[in-house]
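Working notes, beginning with the structure itself.
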Protein chains: 2
Amino acid sequence: MELDSAGVPANIAAAWGLRERPGKGPKPGLTLDGIVQAGIRVAAADGVGAVTMSRVAAEAGASTMALYRYVRAKDELLELMVDAAIGDPPPLTHGGDWRAGLVAWSWACRELYRRQPWVLRVPVSGPPATPHQLAWMDSGLAAMAQTGLREEAKLSIVLLLTMYVRNEAVVAVDMQTAVQALGSSLDEAMAAYGTLLRMLVDPARFPALARAIEAGVLDRADDPDEEFVFGLDRILDGVGLLIGQQAGS
Amino acid sequence: MELDSAGVPANIAAAWGLRERPGKGPKPGLTLDGIVQAGIRVAAADGVGAVTMSRVAAEAGASTMALYRYVRAKDELLELMVDAAIGDPPPLTHGGDWRAGLVAWSWACRELYRRQPWVLRVPVSGPPATPHQLAWMDSGLAAMAQTGLREEAKLSIVLLLTMYVRNEAVVAVDMQTAVQALGSSLDEAMAAYGTLLRMLVDPARFPALARAIEAGVLDRADDPDEEFVFGLDRILDGVGLLIGQQAGS
DNA sequence: CGCTTCTGTGTATGTCATACGCTGTTCTGT
DNA sequence: ACAGAACAGCGTATGACATACACAGAAGCG
């Protein structure tokens, strides 16, 4: 991990716009932001897999190698793209109600992934340190400002929710992808999966699973929103219990 | 997605050993399992990034292209490697205590990832359908057999836990990687992260986050186990509440 | 015993990221 | 002004890699 003069890792420095570009040589014809936006357009159109340096360069109207004057490597570009794509969280509007605040926060996050599913395909590279990632984190923490929880607990909870939302979104996008690959509806895809498992699952070997399948769990697709709310409610119920304990002690 | 004669997707058929290999030509000198094991050795030694067809072939004692007689593509090999690596879950030993059962299940899963962190770097390709994935799922469902929950709810909970454990493991491995890259201890790495955020986080812009940082949340590394238990407890508390409601209604 | 089918293999191709060096541009110090 | 330094954008070269293709020999079938 290379550090710049202030001790900030290079890729993070880029995300915060801390790159020093001394005014010596010719005027830059491109902007970092322009390149990042070009990358986002490519990813939005054809997925992260289509984000090659040459494709992005073409989209930005430059040659492949020109990008490397702005970006250290492809990974850095991807990181910048993600940071730009997630943007700032919506303002908190639920005052003192931590639960409503976290629910709104989670939905906003989910919506973001729904709009820009390619973000989910970018491998995570480390702990959150880009401006918009921190903004989301701040917003999540702020929702719990009046709960009396220890800061450590708040942080853990935000991370827990972050993961949850992200993973739920990954699953949803995977389903979407499968659906499109099969050219069928969501219900059909789920039914196909159900049929597959019925074929593979031997009740003697997987009794509990077989019972679930027989109960028809896979015969129809759940409303993905309901699925999302279910897990979210379990987590927030647990958080509520903790807050209650904290208040009681 | 290609289907074989029985309607099973090709990659899944491979994982279940359903590949038909007619006894016509010369005796195969390799085995699918041998190749998969070779792949696992490479991944364990140098990470998923080092798993190239030629490297695996060398490890298996064959030429690069020989692998393609056993595996449709690299992705399929990775899928098979993961399935083989996760193996079967440990037997349930907590009888009727759903919570103890799920805790043990989660720890076993976490331990698995701890031993074979490379598994976490293999991109997930779809809903669980390989034998060992289903075995873990079955085991998780079995832990809740006597809770009276709807099968649908059980499934959601298992998926929720699966995600949770996986993500927690990803974070842990990321930390480990960062620590090794910096050549320092866990505490030092966390401190470096804390210092970084202190530098970047403007209290005016990120008040809640600044408060957490000032509280010293990042000054020392949590015991990763405690962090794990914290989130797990939140989730299981939520599940417990649901089970209570179910019993009451 | 010849035909078919399959194995292992070598080679070829196409895609990528990225290092390197060239050309022309713009600013700095005189 | 002007010389020279530092830098922008570009073309080409390199080195991984996955994988298509075609070949030579082996093993079973008739």
Side-chain angles (χ1 to χ4, degrees), chain A residues 2 4-5 10-11 14 19-36 38-39 42-43 46-81 118 121-123 125, chain B residues 2 4-5 10-11 14 18-36 38-39 42-43 45-81 118 121-123 125:
Chain A
E2 283 167 272
D4 75 355
S5 54
N11 46 354
R19 201 84 104 198
E20 309 144 18
R21 198 175 277 276
K24 208 57 180 305
K27 240 178 297 185
L30 302 173
T31 35
L32 181 54
D33 189 60
I35 292 171
V36 169
V42 172
D46 295 332
V48 187
V51 177
T52 67
M53 295 306 265
S54 77
R55 176 86 186 272
V56 174
E59 181 74 26
S63 78
T64 306
M65 293 312 291
L67 303 190
Y68 286 95
R69 296 280 176 199
Y70 297 82
V71 153
R72 192 164 302 244
K74 191 188 172 184
D75 285 2
E76 189 175 292
L77 173 58
L78 287 174
E79 214 167 319
L80 293 171
M81 283 167 53
W118 60 267
R121 305 293 186 187
V122 179
S125 52
Chain B
E2 281 166 273
D4 76 355
S5 54
N11 46 353
L18 300 178
R19 199 84 102 200
E20 310 142 18
R21 199 174 278 275
K24 208 56 179 307
K27 240 177 296 186
L30 302 173
T31 36
L32 180 53
D33 189 59
I35 292 171
V36 170
V42 172
D46 294 334
V48 187
V51 177
T52 67
M53 295 307 264
S54 76
R55 177 86 185 272
V56 174
E59 182 74 27
S63 78
T64 308
M65 294 311 293
L67 304 190
Y68 286 95
R69 296 280 176 204
Y70 297 81
V71 153
R72 191 162 302 243
K74 191 187 172 184
D75 286 2
E76 189 175 290
L77 173 59
L78 287 174
E79 214 167 320
L80 293 172
M81 285 167 53
W118 60 267
R121 306 292 186 188
V122 179
S125 53

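Everything numeric in this text was worked out from a predicted model, so none of it was measured.
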Residue whose closest nucleotide on DNA chain C lies nearer the 5' end, A:Asp75 versus B:Ala66: B:Ala66
Start at the 5' end of DNA chain C and walk down; is the nucleotide closest to B:Lys24 or to B:Ser63 reached first? B:Lys24
[X] and [Y]: which non-hydrogen atoms are nearest, and at how many Å?
{"X": "A:Ala73", "Y": "A:Tyr68", "answer": "CA-CE2, 4.3 Å"}
{"X": "A:Gly49", "Y": "A:Thr52", "answer": "O-CG2, 4.4 Å"}
{"X": "A:Arg55", "Y": "A:Val42", "answer": "CG-CG1, 3.7 Å"}
{"X": "A:Glu76", "Y": "A:Ala14", "answer": "OE2-CB, 3.6 Å"}

Side chain proximity check, [X] to [Y], heavy atoms < 4.5 angstrom:
{"X": "B:Leu77", "Y": "B:Met53", "answer": "yes"}
{"X": "B:Asp75", "Y": "B:Asn11", "answer": "no"}
{"X": "A:Val51", "Y": "A:Met81", "answer": "yes"}

To the nearest Å, how far apart are [X] [atom1] and [N] [atom2]?
{"X": "A:Met65", "N": "C:dC22", "atom1": "CE", "atom2": "C1'", "result": "13 Å"}
{"X": "B:Glu20", "N": "C:dC6", "atom1": "CD", "atom2": "P", "result": "11 Å"}
{"X": "B:Ile35", "N": "C:dT7", "atom1": "CD1", "atom2": "C1'", "result": "12 Å"}
{"X": "B:Arg69", "N": "C:dC6", "atom1": "CZ", "atom2": "C1'", "result": "7 Å"}
{"X": "A:Lys74", "N": "C:dT15", "atom1": "NZ", "atom2": "P", "result": "15 Å"}

Is the backbone N or O of B:Ile35 less than 3.5 Å from a side-chain atom of B:Tyr70, with the two atoms forming a donor-acceptor pair by type? no
Gap separating the [atom1] atom of [X] from the [atom2] atom of [Y], nearest 0.5 angstrom:
{"X": "A:Lys74", "Y": "A:Leu67", "atom1": "NZ", "atom2": "CG", "answer": "11.5 Å"}
{"X": "A:Arg69", "Y": "A:Leu30", "atom1": "CZ", "atom2": "CG", "answer": "11.5 Å"}
{"X": "B:Arg72", "Y": "B:Glu79", "atom1": "CZ", "atom2": "CD", "answer": "12.0 Å"}

Quick one, which residues of residues 48-62 of chain A touch DNA chain D with a heavy atom under 4.0 Å? A:Ala62
Going by heavy atoms closer than 4.0 Å, what residues in residues 25-33 of chain B are next to DNA chain D? B:Gly25, B:Pro26, B:Lys27
Give me the first and last nucleotide of DNA chain D, going 5' to 3', that has any atom under 4.0 Å from a heavy atom of chain A. D:dA6 to D:dT12
